[in-house]
Every structure is written in C-alpha cells, then in structure tokens.
Asks: 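To start, I am sharing the structure in question, which I have written as structure tokens.
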Amino acid sequence: MAIQAALLGYGVVGSGVAEVLAENAAGIARNAGQPIELKYILCRSDRPGDPFSGRIVHDFSVIEADPEVEIVAECIGGSGMALEYVRRCLLAGKHVVTSNKELVASYGHELLAIAREKNVNFLFEGSVGGGIPIIRPITQCLTANELDEVYGIINGTTNYILTQMIVEGASFADALADAQRLGYAEADPTADIEGVDAGRKICILADLCFGRHISPELVRMRGISGVNARDVKYSRRVGYKIKLLGRALRTGPNTVTAYVEPHLISIRSLLSNVDGVMNGIVVRGNALGECMFYGAGAGKRPTASAVVADMIDCAKHRDARMYLNWDAPEPGHFTGPDDLISRWYVRTGASLAAVGGAFGNVRLINRESDPPDEYAFLSAPMSGHALRNCSRGMDIRSAFRVLD
Ligand code: HSE
C-alpha cells in the first residue's frame, strides 16, 4: 500500500519535489518502508504537456478534505496562503513538510504546537542551507552539547553574486540575473540582497540551537549592497575575504543575539572557500567544539532533496512525532549585537591624523593604486557602540566586522 501525498505549489521547488519523487521512487519506497505516491499538485494553471499535469488541482479543499492524503509538502513560499494552508493541513491531521524559511522563522513555534496537539510532524530540513543536512544534526546528532554559537554563509544568491564579482569580474546586475535564471533567488531578490533571507534562516538556527523563538523583526539584517569592489581589494591585501554571514550566539546565561552582516573572514578558514551557490554553516558546542556543514544551499533539486527526505521521515513516523520544538518568545532573551567585541575593517575618507585621533593604534592596509583621499584599516577589538562613537563626524565609507 502506498502512502498518499500532495504538493502545494508547483514552482521551482515544487517541480523539483515531483521530479525527485518520480525519479527515485524505488529507493524512496525502500527508505520509507512503502511507496510515496503524489496524488495531488495544487497549482493555479493546468500545465498541459507537463508529466504530472494529471494530478493538478486548483482547489485546496480537495486536498484538505481527502483523508487518504497523509503527507503534504508546502512549496508555495511566503507566509500568506502558505501559512493558512499549512495550518489547515496540520489541523486536518496531515504531516506537513516545507522549505519555506519565512513561514518557519515567523510561525514555526505556533505550527509546531499545532503539530504536537494533532500528533503529526511538521518538518523543515530544506528551510536552511537548501540540501545541506543541518536541522537534523542540530536537533539529533548534537543534542548532547550546550550549543554556544552558529554562523555561516546561508544565502546562496548573495554568495553566488559575490563570487562572480570577485572571481569572474562579473557586474552585480549580470551575476544577479544568472542567480535568478538558475532558480537560486527569491521571487523578490531584495530579500536575498538585503540579508532578509539569511536573517530568517539565522532565526531558525538560533531557535533550534538555543531553544526559544527569536522574531525576525528583532534581528539586524544587512546585506551586500554596501560591499564595494575596493573593499574586496583592501581585504584581500591583509588576507581576508568578504562574505555575508548570519551569526547567532549566546551573550549570557539567558540571553542570545543574532544578526546578518558582511564580515571579513580569513582566507585560511574553511568558510572562506565556500563559493558560488554553496553554503557553509559552523556550529559550536561545548563537547564537540566546531563542526562545519557544507553543500548546495539553493536550487531546485538540492532543496527538493531535503523536502523529499522530510516526506520519507513522515512516512516512517506515521504514528509518532519526531521531536522538534522551541519555546515561545520571552522578553529580554534577545539582545542586539552592538555589545559584541570584534576588530573592524574600516574604509574612510578621513585624514590619517583624524583616524589616529579617533581610533588610536590601527593596522593600516597598504595602498596601491587607490584613491588618494582614502584609507582602509583594521581597528583594535571594540564593540559596535564604540565603533559608532569613534566614527562620529568622520567620512566612513564601509565598516565590517572581522571574524577572528
Ligand atoms: N534565495 C535563497 C538563497 C534560496 O539564495 O539562498 C534558498 O533558501
């Protein structure tokens, strides 16, 4: 007897899920203990000629009301219709899987509570890092640890754009167009470029690592639009690469912080070699030390790989819940990142005397054919508040944290 499933949404990820289910049907049946049959695909259009067009329905309630459908994969995206449909599927007693980070970051704890009440699973391995296993390692393999920090490159589009610009000399516009064509970018790529997508993902990782919901609205998200080609050159001269990182860490016994910003990371670090659409995520635990997860962070089939694996787990746990949970938000749990101490890379139009007066001893970066009115330097370790105080009234063109 096959287990019946439905897909909500038939875009990049949805069509990938249908493809992988069909292509790997035999192995999936072996791993799930029974075949997984795609009974319905919810899609606005009829898609004549599509190999799965016979399963397309336009009315969500057909899926909701069919008791044969036990597993639903949400591939619509966003938190409008997707939120309503996921709630209704869980309430109808169906297992739900998704790669929708917007939904999980903002409503994960509520949806997990419904799943718990209904004794079904709500799984979202594909919501962070595309095809990279990261949710299960955090919630299963690393649970003996007190996790202190999680950080990494968690947006494939911006990493692809930065790599194309740095390595291939591509323009920002061309690199973005490529990322869209390859299915990496969000429907509105501003969410990628401005760090919002990475911000949602770091919230999910922080929720899982630290056990309490962090609202994406609290998290400072800075993307790559402020990264200049000269920043890339100055950084390279002192042995660093610029990468957009999401980072979350404990700041006290009951407090955590999270943020997204471009960082300078050493060219000797593993993370600095995570290029193109690849993602790299480092988790630090008190027993394990550091552990890095690497792989394809976006795209149709890598994301489908994680979504289908969740469907297989639902089939294997038809009558049991996989433990996945975090607590409701609590005032005072989240603190801003400005207290964190780090060195800073600064590019400025101020005079050397002004730099010395404000920042004291700094490591000046060698100048080559750079504009005569500009200096770049690495500061001594200081907090974000101190950086702002030192910079007051100065012409600061870029300032990025250095991850030492
Ligand atoms: N737009 C996202 C990215 C897709 O580029 O990483 C995967 O979450």
Side-chain angles (χ1 to χ4, degrees), residues 9 11-17 20 73-79 82 97-106 108 123-135 138 150-165 170 172-208 216 219 221-225 227 243-247 260-262 271 274-282 293-310:
V12 174
V13 177
S15 56
V17 169
V20 171
E74 184 279 304
C75 303
I76 298 171
S79 52
V97 308
T98 184
S99 61
N100 182 340
K101 50 266 157 158
E102 184 176 340
L103 186 76
V104 179
S106 296
L123 305 181
F124 39 85
E125 184 63 65
S127 63
V128 183
I132 307 175
I134 182 68
I135 306 289
I138 288 176
V150 56
Y151 63 93
I153 296 166
I154 47 179
N155 182 265
T157 300
T158 44
N159 204 39
Y160 180 84
I161 292 173
L162 283 175
T163 307
Q164 290 296 100
M165 288 171 72
F172 181 91
D174 284 350
L176 172 59
D178 269 359
Q180 287 176 300
R181 186 179 49 77
L182 292 164
Y184 304 154
E186 296 303 298
D188 174 4
T190 323
D192 295 298
I193 307 306
E194 298 306 338
V196 177
D197 177 77
R200 291 172 179 143
K201 292 169 180 165
I202 200 65
C203 285
I204 299 172
L205 294 177
D207 294 339
L208 291 167
V219 173
M221 301 169 187
R222 221 175 123 192
I224 61 166
S225 54
V227 179
K243 292 286 189 186
L244 184 69
L245 300 188
R247 188 175 177 215
V260 177
E261 281 175 12
L271 206 54
V274 174
D275 284 332
V277 72
M278 302 311 242
N279 282 192
I281 302 166
V282 177
F293 300 84
Y294 169 83
K300 175 173 169 165
R301 288 174 66 94
T303 310
S305 155
V307 173
V308 173
D310 278 348

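Side chains are part of it too, since the values below use all heavy atoms of this structure and drop only hydrogens, waters and symmetry mates. Atoms within each ligand, like the ligands themselves, are counted from 1 in listed order.
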Asks: Ile154 and side-chain contact (heavy atoms from CB on, under 4.5 Å): which partner among Lys201, Arg247, Lys101?
Replies: Lys201
Asks: Counting from 1, what ligand 1 atoms have a heavy atom of Lys101 closer than 4.0 Å?
Replies: 2 (C), 4 (C), 7 (C), 8 (O)
Asks: CG/Asn155 to CG/Leu245 distance, rounded to the nearest 0.5 angstrom?
Replies: 11.5 Å
Asks: Only heavy atoms of Asp192, strictly under 4.0 Å: list the atoms of ligand 1 that pass.
Replies: 1 (N), 2 (C), 3 (C), 5 (O)
Asks: Under 4.0 Å from a heavy atom of Lys201: give me the atoms of ligand 1 that qualify, with their elements.
Replies: 2 (C), 3 (C), 6 (O), 7 (C), 8 (O)
Asks: Nearest 0.5 angstrom please: Ile153 CD1 to Asn159 CG, how far?
Replies: 4.5 Å
Asks: Is the shortest distance from a heavy atom of Gly130 to ligand 1 less than 4.0 Å?
Replies: no
Asks: How far is atom 5 (O) of ligand 1 from the closest protein heavy atom, and which atom is that?
Replies: Thr157 OG1, 2.6 Å
Asks: Begin from the C-alpha positions of Gln164 and Asp174 and carry the test side-chain hydrogen bond (donor to acceptor under 3.5 Å, both in side chains) through to its verdict.
Replies: CA-CA 9 Å; Gln164 290 296 100; Asp174 284 350; over 6 Å; no
Asks: Please work out, at 4.0 Å between heavy atoms, whether the side chain, the backbone, both, or neither of Val277 comes within that distance of ligand 1.
Replies: neither
Asks: For atom 2 (C) of ligand 1, what is the closest protein heavy atom, and at what distance to 0.1 Å?
Replies: Glu186 OE2, 3.2 Å
Asks: Less than 4.0 angstrom from a charged side-chain N to a carboxylate O is my criterion; do Arg181 and Asp178 meet it?
Replies: yes
Asks: Which heavy atom of the protein is the closest neighbour of atom 6 (O) of ligand 1, given with residue, atom name and distance?
Replies: Gly156 N, 2.8 Å
Asks: For the backbone of Gly126 and the side chain of Ser99, can you confirm whether one donor and one acceptor N or O come within less than 3.5 Å of each other?
Replies: no
Asks: Between Arg200 and Glu186, is there a salt bridge with N-O shorter than 4.0 Å?
Replies: no
Asks: For ligand 1, indicate whether the residue Asn155 contacts it via side chain, backbone, both or neither (heavy-atom separation under 4.0 Å).
Replies: both
